[in-house]
Amino acid sequence: MSNPQRSFFFNVDWLTVFIYLALCTIGVLSIHSAVFDPKNPSIVDMDTNYGKQFIFVIISVVLGIFILLLESRFLSALAPTIYTVTTLLLLLVLIIGRNVGGNQAWISLPGGIRLQPAEFAKYATCLLLARYLSGTNIKVTEIKSFAIAAAIIFFPMLLILLQPDAGSTLVFSSLLFVLYREGLSPYFLILEGLFITLFVLTLKLNNMPLIIGVIIALTLVIVLLFKRNRKIITTVLLGAAILISFAFSVKFLYTSVLKPHQKTRIDIVLGITNDLRGKGYNVNQSKIAIGSGKLWGKGYMQGTQTKYSFVPEQSTDFIFCTVGEEFGFAGSVVVLGLYLLLVLRIIYIAERQRSPFSRIYAYGVGSVIFFHVVINIGMTIGIVPSIGIPLPLISYGGSSLLSFTLMIFTLIKLDSNRMGMIYA
């Protein structure tokens, strides 16, 4: 039954709130250690990144409380407006954006504040995708519905790619899991995995006849095994044709589309080249920092790699190596455990929703967070190329923190109203 006297705190998923606050706290402490300035030791000193991050956390918590005060139906109704505004900001950043590290991805605001529209585009895309897919008679298995859903995802990807910010662009590909949950054939996920595998093997082996031969051989085996199932045979033959076409396009993509620094990072991860003093320096120093932490770590603010700034970008993209060095394997497991618990909790929340909009949105948030964590930590330990995306709620950055706050607290609000309750 509806009860207008209910507090907005009623039915809030406090476990998710606790995980959010724990990760934010770890973030501020890690940044404080990574870029500590003896002249400005206070963790709330606004002249330092850790002081700014502390203020960002306070603003984010206030923003989260504000979202809990909103009516749930407004979040769905505002989805097209939020998506339009972030799209306009993505266009604006291409015109007046500030170039940092080779990416024209920031808009400078008064007071030295920088806004990164790409971070908020993730939130906006999750909202609009949920709004569209939850509509009446929308089935992702139909060509028209799939095309529109894909356009919602790919349009901000294209604008972000023009900055160019390959890391943020790739994050949107994680939303394919949302389409899969809503009925998209698993063949699309399999095909995506095969694309990645084929890309790696083509560059690593540099033997096109061998790769094409393996694809043809595997195709023939599957055709013989399912020779009486015309549907499977047709799907396999079509998939093989797509894979062979992709294999021939890998060299073009690698030489003509990717930028030199992106190619170098891929070469380093695949072991094609060794550049420990150049492009591979960050990752190598990050691995040294994490490895030196051993089981229990060197202690808070006692990391030598951290203290002497051996790892560039240590408060942003490589913040996890600070955790690894100072708190060791044990501390790293705690942080990874919190992220795993957060993603599993989001999936649990998604599955208990009565509203399709809330369920689809929850899976969007879970997919984005999962992708960020896997790729960010993967690049700090050298198993994926360094593509420059933040570790959610821990890396330094106001835009990133505010964006993930919007994602998580919107989910908490939608979940709190899953029984159709009315809040004061």
Side-chain angles (χ1 to χ4, degrees), residues 82-95 97-107 114-129 147 149-179 188-189 191-193 195-196 198-200 203 246 249-250 252-266 269 279 313 316-317 364-379 384-392 395 397 399-400 403-404 406-407:
I82 295 173
Y83 186 86
T84 301
V85 170
T86 55
T87 299
L88 292 174
L89 288 174
L90 289 174
L91 290 169
L92 185 63
V93 79
L94 296 175
I95 302 171
R98 179 179 176 182
N99 193 302
V100 178
N103 295 336
Q104 190 168 320
W106 286 266
I107 296 176
R114 294 185 301 180
L115 181 72
Q116 189 176 8
E119 293 296 331
F120 298 98
K122 301 167 190 174
Y123 171 64
T125 303
C126 288
L127 274 179
L128 188 61
L129 186 64
I152 291 172
I153 297 171
F154 285 120
F155 187 58
M157 286 181 71
L158 176 62
L159 295 178
I160 294 170
L161 187 61
L162 293 174
Q163 293 178 1
D165 185 352
S168 294
T169 301
L170 289 174
V171 171
F172 288 81
S173 65
S174 66
L175 295 177
L176 183 64
F177 288 103
V178 179
L179 303 184
F188 283 89
L189 290 178
L191 195 62
E192 183 180 28
F195 278 158
I196 296 172
L198 195 57
F199 184 85
V200 171
L203 295 178
F246 178 75
S249 68
V250 168
F252 170 77
L253 293 172
Y254 181 76
T255 58
S256 303
V257 177
L258 295 179
K259 294 187 176 297
H261 70 278
Q262 295 169 335
K263 290 187 286 187
T264 302
R265 289 169 180 173
I266 292 174
V269 171
K279 294 296 183 181
E313 310 296 336
T316 53
D317 298 342
V365 173
S367 298
V368 170
I369 291 176
F370 178 77
F371 186 92
H372 266 267
V373 173
V374 170
I375 299 301
N376 180 278
I377 294 179
M379 72 184 190
V384 300
S386 178
I387 59 175
I389 61 174
L391 190 59
S395 290
S399 293
S400 173
S403 173
F404 283 113
L406 286 168
M407 289 185 193

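Side chains are part of it too, since the values below use all heavy atoms of this structure and drop only hydrogens, waters and symmetry mates.
- Annotation: the span from L170 atom CG to I389 atom CD1 amounts to 8.0 Å, rounded to 0.5 Å.
- Note that CZ of F199 and OG of S249 are 9.0 Å apart. Values are rounded to the nearest 0.5 Å.
- When all heavy atoms of E119 and S399 are compared, the pair lying nearest together is CB-O, 3.8 Å.
- Residues S168 and K122 form a side-chain contact, since some pair of their non-hydrogen atoms from C-beta on lies under 4.5 Å apart.
- When all heavy atoms of M407 and V368 are compared, the pair lying nearest together is CE-CG1, 4.0 Å.
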Inset, instruction - For L198 and F246, run side-chain contact (heavy atoms from CB on, under 4.5 Å): C-alpha distance rounded to whole Å, both residues' side-chain angles, the deciding distance at 0.1 Å, then the answer. - result: CA-CA 8 Å; L198 195 57; F246 178 75; 3.8 Å; yes
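- S173 is listed as a side-chain neighbour of E192, based on a closest heavy-atom distance under 4.5 Å.
- F404 and H372 have perpendicular rings, their planes meeting at more than 60° on a 0 to 90° scale where under 30° would count as parallel.
- Within a 6.0 Å sphere centred on CZ of F370, heavy atoms belonging to other residues, nucleotides or ligands number 12 at most.
- Between the side chain of S395 and the backbone N or O of P390 there is no donor-acceptor pair closer than 3.5 Å.
- Annotation: the span from L128 atom CG to T84 atom OG1 amounts to 8.0 Å, rounded to 0.5 Å.
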Legend entry - Chi angles and distances behind the side-chain contact (heavy atoms from CB on, under 4.5 Å) call for I153, L179: CA-CA 11 Å; I153 297 171; L179 303 184; 4.2 Å; yes
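- By the neighbour-count criterion of 12 heavy atoms within 6.0 Å, atom CZ of F195 is densely surrounded, having more than that number from other residues, nucleotides or ligands.
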Legend entry - Stepwise side-chain contact (heavy atoms from CB on, under 4.5 Å) test for F172 and T125: CA-CA 9 Å; F172 288 81; T125 303; 3.3 Å; yes
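- Here the closest heavy-atom approach between residue Q104 and residue L94 is recorded as NE2-O, 2.9 Å.
- Open room surrounds CZ on F177; 12 or fewer heavy atoms of other groups in view lie less than 6.0 Å from it.
- Note that the CD1 atom of I152 and the CG atom of L129 stand 5.5 Å from one another [nearest 0.5 Å].
- One finds the CG atom of L91 at 7.0 Å from the OG1 atom of T87 (value rounded to the nearest 0.5 Å).
- Side-chain contact between F120 and V85 is absent, with no heavy-atom pair separated by less than 4.5 Å.
- To the nearest 0.5 angstrom, T169 atom OG1 is 9.5 Å from L159 atom CG.
- Taking all atoms of both residues into account, the shortest heavy-atom contact from L406 to Y123 is O-CE1, 3.5 Å.
- Of all the heavy atoms in D165 and Q116, the pair that sits closest is OD2-NE2, 3.7 Å.
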Inset, instruction - Starting from the C-alpha separation in whole Å, work towards a yes-or-no answer on side-chain contact (heavy atoms from CB on, under 4.5 Å) for L90 and F155. - result: CA-CA 10 Å; L90 289 174; F155 187 58; over 6 Å; no
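- When every heavy atom of A105 is checked against every heavy atom of V93, the shortest pair comes out as C-CG2, 3.4 Å.
- Side chain of D317 to backbone of N376: no donor-acceptor contact under 3.5 angstrom is found.
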